[in-house]
Novice: 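Input: one structure, supplied below.
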Amino acid sequence: MLEKNNLMLIIFVLVLLSACGNGTASDNSSNTNQNNKQQTVEINNISANKLIDQEPSNKAKDILKKHDEVTGIKGANTSNKLIIAVQIKHNKRFQLSKIKKELSKELKENFKNFHVELTIDKKIYLELEKLEEKIQSNSIKPGKLGKEIDRITKLSKEKT
Amino acid sequence: MSNNKKKNLPPQAQEYQSFQQEREVKRPVLKNCIKAFLVGGSICLIGQVITTFYIYYFNFTEQTAGNPTVATLIFLTMLLTGLGVYDRIGQFAGAGTAVPVTGFGNAVISAAIEHRTEGFILGVGSSMFKVAGPVIVYGVFSAFVVALIKTILIKWGGL
């Protein structure tokens, strides 16, 4: 009797889980189209007349914002380095590594003269947000910017 | 007792089995599951809050913030176990408090408290890892096996 009950419980849980899974999956597909129209990507394009030309990172932002799963982009560049941090929609985070690979490949194809670094880490996103503000207000020197970008790149590669 | 074993029992014992089964208090499995889900989920929520805190206010990335988070959670559990609060939560939630990393902290410190009357070396020192020791041994061993498989797959499988 007890074993039968256990079996019923296991089946119930499995049905419940699969039902939930299907529900969200179908919801996603029906909602994505609506979301696409309303979705706003958090971007701060930096005006051209700054001490360091930020045109490459602005261009990278324009390329990346076409993707549906991207909700926010921050980035900065020196003459040969480009670092971009993106935020991904929460329900797409299961395919995080795949999305990162795709976006990274696309950027590398578009910026062949640059050493491109793409990350999806929240910390790097926050750091780049601060850096963008500094560039915007012209309160950072070109040499310092290079050092700062190196520091952020190193931070993004830390494993432990 | 499994059905096969029951068939081999003498008739009186079989009768007793059915008698006690009718009167046995049924385990509230579903209720226990829900309790474990809610309390375990809350512990994970606290863990996520701590991770976010480390990301925002310290120099940790999403990848590296895991280590201090685990340390903080284990420290909090040890404190709560020492104060006798974690045992009560454990009684209420069961596996919900044992499965997250906090369960590990509880297993270490509760054994230490239990054996403190036997002295610091032969009591606390030797009994502290009575429950948590196997977790470490088999955790390290399975990590080693997984790493070995991964290395083989990457080196020769071309993954």
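To find a chain, count down the sequence lines: A is the first, B the second, and so on, and within it residues start at 1.
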Novice: Would you mind writing out the side-chain donor-acceptor pairs for residues 69-80 of chain B within the sub-3.5 Å range, not counting sequence neighbours?
Specialist:
from    : atom 1 : to      : atom 2 : distance (Å)
B:Thr69 : OG1    : B:Thr51 : OG1    : 3.2
B:Thr69 : OG1    : B:Ala65 : O      : 2.6
B:Thr72 : OG1    : B:Tyr54 : OH     : 2.9
B:Thr72 : OG1    : B:Pro68 : O      : 2.6
B:Thr77 : OG1    : B:Leu73 : O      : 2.6

Novice: Should we count CD of B:Gln12 as having more than 12 external heavy atoms under 6.0 Å?
Specialist: no
Novice: Would B:Leu38 and B:Leu30 show up in the same hydrophobic cluster when neighbours are defined by side-chain heavy atoms closer than 4.5 Å?
Specialist: yes
Novice: Do side-chain atoms of A:Lys123 reach the backbone of B:Phe60 as a donor and acceptor pair under 3.5 angstrom?
Specialist: no
Novice: Can you tell if the side chain of A:Lys159 reaches within under 4.5 Å of the side chain of B:Gln63, non-hydrogen atoms only?
Specialist: yes
Novice: Is the CD1 atom of B:Ile121 crowded by more than 12 outside heavy atoms at less than 6.0 Å?
Specialist: no
Novice: With hydrophobic residues grouped by side-chain heavy-atom distances under 4.5 Å, do A:Tyr125 and A:Ile99 end up in a single group?
Specialist: no
Novice: Which of residues 86-115 of chain B have a heavy atom under 4.5 Å from any heavy atom of chain A?
Specialist: none
Novice: Identify the two heavy atoms, one from B:Thr61 and one from A:Leu155, that lie closest to each other, and give their separation to 0.1 Å.
Specialist: CG2-O, 3.4 Å
Novice: Restricting to non-hydrogen atoms, name the atom on B:Glu62 and the atom on A:Ile120 that form the minimum distance, rounded to 0.1 Å.
Specialist: OE2-O, 4.1 Å
Novice: Got more than 12 heavy atoms from elsewhere within 6.0 Å of CD, A:Gln95?
Specialist: yes
Novice: Tabulate below the donor-acceptor pairs under 3.5 Å that side-chain atoms of residues 124-146 of chain B make, not counting sequence neighbours, or state none.
Specialist:
from     : atom 1 : to       : atom 2 : distance (Å)
B:Ser126 : OG     : B:Leu122 : O      : 2.5
B:Ser127 : OG     : B:Gly123 : O      : 2.9
B:Ser142 : OG     : B:Tyr138 : O      : 2.7
B:Ser142 : OG     : B:Gly139 : O      : 3.2

Novice: Once rounded to the nearest 0.5 Å, what's the spacing between atom CD of A:Glu158 and atom OG1 of B:Thr64?
Specialist: 6.0 Å
Novice: Are B:Leu45 and B:Val85 joined in one hydrophobic group, where the rule is that I, L, V, M, F, W and Y side chains link up if heavy atoms are under 4.5 Å apart?
Specialist: no
Novice: Quick one: list whatever passes ring pair (Phe, Tyr, Trp, His ring centres under 6.0 Å) with B:Phe53, sequence neighbours left out.
Specialist: B:Tyr57, B:Phe58
Novice: Checking heavy atoms, do the side chain of A:Leu126, its backbone, both or neither come under 4.5 Å from chain B?
Specialist: side chain
